[in-house]
Protein chains: 2
Amino acid sequence: MKLSEAKQQFISSWGAFGTQWGINRTMAQIHALLLVSINPLTQDEIMEELSISRGNVNMNIRELIGWGLVDRVIISGERKEYFTAEKDIWKVATQIIKERKKRELDPMIKLLSQLENVEGDKKDKAVQQFTQVIGSIKKLGLQADKTLDLLIKAEENWFTGSMLKMFK
Amino acid sequence: MKLSEAKQQFISSWGAFGTQWGINRTMAQIHALLLVSINPLTQDEIMEELSISRGNVNMNIRELIGWGLVDRVIISGERKEYFTAEKDIWKVATQIIKERKKRELDPMIKLLSQLENVEGDKKDKAVQQFTQVIGSIKKLGLQADKTLDLLIKAEENWFTGSMLKMFK
DNA sequence: CTGAATTTTCAAAAAATATTGAAAACAAAT
DNA sequence: ATTTGTTTTCAATATTTTTTGAAAATTCAG
């Protein structure tokens, strides 16, 4: 397989995987494109490469910047803005975990905490069961939250190092 | 907050969280409903409770069964089928991990393995960089795969037990 | 086997989401 | 201050995804 062909394949597949995870296809494709581009790209280059409109590029680039996965790059003497993606995959992964935790896990735990305080007879089977289910989901959430915090702080060898040794 | 109100809130919020994870809103809501229902429910009861059509219930229930999160229950003497959800949240979590791994992570690793074999000059900076990025994503994927396999096999106290001890 | 109850399918409709493109806003150079 | 290149916005449009509901298929009882 040729390089250009492989890049195309990567970009298109990454977009497809993205949608399965609730991520906009184009956003995932732009990220993929920047990951496999040696040099930073302009909006025009991204438009060209992916055959998408200027507005689409602009919106998704800003979204990617919001996720902390893409940075603006100023090239001196150039009028246009350039964009580049973090290439260190460990950093990319922790950044995504950090954001999803903040946007999704934390609000979910907050919700579950509220739902735990349902009023009613403690002997009521229905109340018991509800509180039990909500409580156990919250517990799992809190544990995941804690673990992910540590993971985010841990160094790159977390997976390869102590983690795997632990399970032998 | 009253129990019925809390249930409604849980179901509706669970649906919203689901969509963020690329899961059909109704499927997540049906799952939530069954999680907080003491008794198994029929399709008619689910239709009624969530105000959705029969076809919609049927399709999403089958999808949930496919994910291993919901089971058909036969109640003797009854003609209708009943449905119930696994209430043990740890089992639910490992089941979801197992399925997403199979449906998403494994295919992704397969793709990356193919893309690693790009033909071309090894000294070409572009080829090097591409291979490096693809290789590191694959590596991360393989490590996650391995870790999740162990997690799936591990007992319920994985998070609370050794996992947290490891990080102090 | 027949008929009634129940489940499944799937084309059409509705809803949700993503994309376009042109106008407006902004920024740099002269 | 004006022109020119560039970025941003957002209403309109297109696409994708979900939902409906009625017909077909299936299942069970008699």
Side-chain angles (χ1 to χ4, degrees), chain A residues 11-34 39-67 70-84 103-104, chain B residues 11-34 39-67 70-84 103-104:
Chain A
I11 291 165
S12 126
S13 304
W14 211 243
F17 282 119
T19 53
Q20 290 192 291
W21 282 89
I23 287 155
N24 179 295
R25 175 182 264 96
T26 301
M27 181 171 144
Q29 287 185 345
I30 294 176
H31 188 220
L33 171 62
L34 291 174
N39 303 313
L41 302 180
T42 61
Q43 291 200 359
D44 289 280
E45 287 168 324
I46 296 168
M47 284 170 67
E48 166 77 12
E49 201 74 45
L50 303 180
S51 312
I52 56 179
S53 72
R54 181 176 305 288
N56 200 1
V57 171
N58 190 275
M59 283 183 140
N60 282 295
I61 276 282
R62 279 182 307 111
E63 188 72 8
L64 282 163
I65 292 173
W67 276 80
V70 165
D71 289 318
R72 270 173 226 278
V73 175
I74 305 299
I75 295 190
S76 58
E78 290 270 10
R79 182 80 178 268
K80 285 184 176 175
E81 289 180 331
Y82 285 75
F83 299 96
T84 189
R103 297 171 188 219
E104 294 153 28
Chain B
I11 290 165
S12 126
S13 304
W14 211 245
F17 282 120
T19 54
Q20 291 192 294
W21 283 89
I23 287 155
N24 178 294
R25 176 182 264 96
T26 302
M27 181 171 144
Q29 288 186 345
I30 294 176
H31 188 219
L33 171 62
L34 291 176
N39 303 312
L41 302 179
T42 60
Q43 290 199 359
D44 289 280
E45 286 167 323
I46 297 169
M47 284 170 66
E48 165 78 13
E49 201 74 45
L50 304 179
S51 313
I52 56 180
S53 72
R54 180 177 306 287
N56 201 1
V57 170
N58 190 274
M59 283 184 140
N60 282 295
I61 275 282
R62 278 182 308 112
E63 189 73 8
L64 282 164
I65 291 173
W67 276 80
V70 165
D71 288 319
R72 268 173 229 278
V73 175
I74 305 298
I75 296 190
S76 58
E78 290 270 8
R79 180 77 180 270
K80 286 183 175 177
E81 290 180 331
Y82 285 75
F83 300 94
T84 189
R103 296 171 190 221
E104 295 154 28

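Bear in mind the structure is a predicted one, so any value in this text is a computation, not a measurement. Protein chains get the first letters and strands the later ones, always in sequence-line order, with residue 1 at the start of each. These numbers come from the heavy atoms of this one structure, side chains and all, not from hydrogens, waters or symmetry mates.
- Taking each heavy atom of B:Ile11 and B:Gln29 in turn, the nearest pair found is O-CG, 3.4 Å.
- A straight line from CD1 of A:Ile61 to C1' of C:dT19 spans 16 Å, rounded to a whole angstrom.
- Around CD of A:Glu78, the count of heavy atoms belonging to other residues, nucleotides or ligands within 6.0 Å exceeds 12.
- Between the CE atom of A:Met47 and the P atom of C:dT19 there is a distance of 14 Å, rounded to whole Å.
- In this structure, the nucleotide among D:dT8, D:dT19, C:dT7 sitting nearest to the side chain of A:Gln43 is D:dT8.
- More than 12 heavy atoms of other residues, nucleotides or ligands lie within 6.0 Å of CD in B:Glu104, so this atom counts as buried by the packing criterion.
- If you measure from atom CG of B:Leu50 to atom C1' of D:dT18, you get 15 Å, rounded to the nearest angstrom.
- Closest to the A:Arg79 side chain, of the nucleotides C:dT7, C:dT19, D:dT6, is D:dT6.
- Distance from the side chain of A:Arg62 is smallest to D:dT9 among D:dT9, D:dT7, C:dT20.
- The phosphate of D:dT8 (OP1 or OP2) has a side-chain N or O of A:Asn58 nearer than 4.0 angstrom.
- In the set C:dT9, C:dT20, D:dT7, C:dT20 carries the atom at the smallest distance from any side-chain atom of A:Ile52.
- One interatomic measurement links the two molecules: CD1 of A:Ile65 to C1' of D:dT8, which rounds to 12 Å at whole-angstrom precision.
- In this entry the distance linking CD of B:Glu63 with C1' of D:dT19 reads 15 Å, nearest Å.
- Residue A:Asp44 places its side chain closer to D:dT7 than to any other of C:dT19, C:dT7, D:dT7.
- Of the listed nucleotides (D:dT7, C:dT20, C:dT7), C:dT20 has the atom at the smallest distance from the side chain of A:Ser53.
- Residue B:Asn56 is classed as a base contact, given a heavy-atom separation below 4.0 Å to a base.
- Between A:Ile61 and A:Leu41 the shortest side-chain heavy-atom distance does not fall below 4.5 Å.
- When rounded to the nearest whole Å, the span between CD1 of B:Ile46 and P of D:dT20 equals 14 Å.
- The side chain of B:Asn24 places an N or O atom within less than 4.0 Å of a non-bridging phosphate oxygen (OP1 or OP2) of D:dT19.
- Distance from the side chain of A:Met59 is smallest to D:dT9 among C:dT7, D:dT9, C:dC10.
- The CD atom of A:Glu49 sits 9.5 Å away from atom CD1 of A:Ile46, with the distance rounded to the nearest 0.5 Å.
- Rounded to an integer number of Å, the gap from CD1 of A:Ile30 to C1' of C:dA18 is 12 Å.
- Residue A:Thr26 places its side chain closer to C:dT19 than to any other of C:dT19, C:dT20, C:dT8.
- For the pair A:Lys80 and A:Arg25, both in contact range of DNA chain D, the more 5′-proximal nearest nucleotide belongs to A:Lys80.
- Between the P atom of C:dA27 and the CD atom of A:Glu78 lies a distance of 19 Å, rounded to the nearest Å.
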